[in-house]
Number of protein chains: 2
Amino acid sequence: MDIAQKLRSEGFKVTPQRIAIYNVLYGQNDHPTAEMIYQNLRKEYPTMSLATVYKTMEIFERIGLVKVLDMGDDCSRYDWDTHNHPHLRCTQCNRVEDLDGIDVEKIQADVERLSEYRVTGQQLAFEGICPDCLRRESH
Amino acid sequence: MDIAQKLRSEGFKVTPQRIAIYNVLYGQNDHPTAEMIYQNLRKEYPTMSLATVYKTMEIFERIGLVKVLDMGDDCSRYDWDTHNHPHLRCTQCNRVEDLDGIDVEKIQADVERLSEYRVTGQQLAFEGICPDCLRRESH
DNA sequence: TTAACTGCAAATCCTTTGCACGTTG
DNA sequence: CAACGTGCAAAGGATTTGCAGTTAA
């Protein structure tokens with residue numbers, strides 16, 4: 001099911017803005033902020049507004065089309081890949097990356113067992129220095 | 001080493017406000033927000049200001065006396081227990097709790113191996129429904 | 001004594017909201 | 001055509017900052 005169908009099936013309308021915003025997000029792997037998405041779209045849609053980006057993201061989050069990330073740098077970042085996985089932010093170049101290979105299901109099961117919570121969400125955020133910046137540092 | 005000594009050894013002055021703020025934090029296990037600490041202290045220190053709480057927390061964080069938590073509810077929470085451990089927030093009563101028993105060192109080592117980052121910080125935040133609220137729900 | 005700290009008020013930054021106009025279904 | 005969406009501007013809320021008066025060392 002593509003975004004247009006997903007939106008309609010959840011009772012939302014399909015607009016050029018929503019499609020464009022999703023495409024920006026989907027096309028890159030950089031976990032952009034609302035501002036980054038907005039700047040990216042201004043060229044093509046001169047009337048695009050930041051408010052529309054935020055409103056769209058709220059809908060996308062609600063219907064499971066994006067995951068909102070708190071990476072500890074005072075603004076939300078968005079990920080089109082909504083399966084649970086950890087993220088890393090480089091404190092030097094500020095990039096945010098996905099990390100595969102961690103068994104998040106096991107961690108969540110452990111958390112449920114140890115806490116007796118019914119866990120409904122998780123945010124595994126790491127910060128550090130990325131390989132590129134480490135290399136740059138050693139010169 | 002107590003807070004007074006720690007502050008002095010790091011070149012900061014020891015003030016009644018700083019001691020009071022630390023004591024509020026240390027005395028309870030509720031991971032309070034700046035606002036909660038401020039409200040808690042107004043009785044005893046009528047002139048206490050929110051700005052002082054924030055400025056104090058910044059210093060405490062810098063010298064390793066507190067850990068700042070992002071629990072996804074739009075405001076920072078503070079934890080006097082700075083050893084790495086996961087936190088849980090109940091989405092119904094909004095409490096934030098510590099969780100012991102997860103091997104965070106192993107997770108961090110896995111993250112470093114898989115990503116090749118030098119990891120300097122981590123934030124393991126879970127949300128869900130706490131045992132009390134689950135019980136309340138089932139009535 | 002003096003460098004640091006406090007606390008008020010104002011500023012800042014991200015995000016949300018109100019509303020008139022435009023668009024989708 | 002009725003409900004929903006857009007985009008501007010203004011509001012909101014957490015946090016930070018400037019600064020004059022106060023305090024720790």
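Side chains are part of it too, since the values below use all heavy atoms of this structure and drop only hydrogens, waters and symmetry mates. All chains are named by letter (A, B, ...) in the order of the sequence lines, taking the proteins before the strands, and each is independently numbered beginning at 1.
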Item to check | E97(B) side chain reached by H87(B) side chain, heavy atoms, under 4.5 Å | outcome: no

Checklist entry - Closest to the Y54(A) side chain: dG7(C), dT24(C), dT15(C)? => result dT15(C)

Next on the checklist: Under 4.0 Å, counting only non-hydrogen atoms across every strand here, what does T52(A) touch: a base, just sugar-phosphate, or nothing?
Outcome noted: base

Checklist entry - Choosing from dT15(C), dG18(D), dA24(D), which nucleotide comes nearest the side chain of C75(A)? => result dT15(C)

Checklist entry - So, do F126(A) and Y117(B) have ring centers that fall under 6.0 Å from each other? => result no

Next on the checklist: Rounded to whole Å, how long is the line connecting atom CZ of F60(A) with atom C1' of dG5(D)?
Outcome noted: 13 Å

Next on the checklist: If the cut-off is 4.0 Å, is S76(B) near the phosphate of dA14(D), judged by side-chain N/O to OP1 or OP2?
Outcome noted: no

Checklist outcome for this item: Per atom distances to the T15(B) side chain, the nearest of dT6(C), dG7(C), dT16(C) is dT6(C)

Next on the checklist: Nearest heavy atom decides the nucleotide; on that basis, is Q17(A) or A51(B) closer to the 5' end of DNA chain D?
Outcome noted: Q17(A)

Checklist entry - Do K13(A) and dG22(C) have a side chain to base donor-acceptor pair shorter than 3.5 Å? => result no

Checklist entry - Rounded to the Å, how far apart are E58(B) CD and dA4(C) P? => result 15 Å

Checklist entry - Taking 4.0 angstrom as the limit, do D110(B) and K106(B) come out as a salt bridge? => result yes

Checklist entry - Expressed in angstrom and rounded to an integer, what is the separation of R8(A) atom CZ from dG25(C) atom C1'? => result 9 Å

Item to check | Touch class at under 4.0 angstrom, heavy-atom based, for T33(A) against every strand present | outcome: nothing

Item to check | Spacing of R62(A) atom CZ relative to dC4(D) atom P, expressed in whole Å | outcome: 12 Å

Item to check | Comparing T56(A) and D74(B) on DNA chain D - which has the more 5′ nearest nucleotide | outcome: T56(A)

Checklist outcome for this item: Taken to the nearest whole Å, CD/E61(A) to C1'/dT15(C) is 13 Å

Checklist outcome for this item: note: I19(B), atom CD1; dA24(D), atom C1'; distance rounded to Å ~ 12 Å

Next on the checklist: With heavy-atom distances below 4.5 Å as the criterion, would you say the side chains of T52(B) and R18(B) are in contact?
Outcome noted: no

Checklist outcome for this item: Ranking dG7(D), dG7(C), dA24(D) by distance to the side chain of M48(B), first place goes to dG7(C)

Next on the checklist: Expressed as a whole number of angstroms, how long is the span from M36(A):CE to dC13(C):P?
Outcome noted: 18 Å

Checklist entry - Any side-chain heavy atom of D132(A) sitting closer than 4.5 Å to one from R95(A)? => result yes

Next on the checklist: Taking only side-chain N and O atoms of R18(A), does any of them lie within less than 4.0 angstrom of OP1 or OP2 on dT6(D)?
Outcome noted: yes

Checklist entry - Taking atom C1' of dG5(D) as reference, at what distance in whole Å does atom CD1 of I59(A) sit? => result 8 Å

Item to check | Whichever of Y38(B) and F12(B) has its nearest DNA chain C nucleotide further upstream toward 5' | outcome: F12(B)

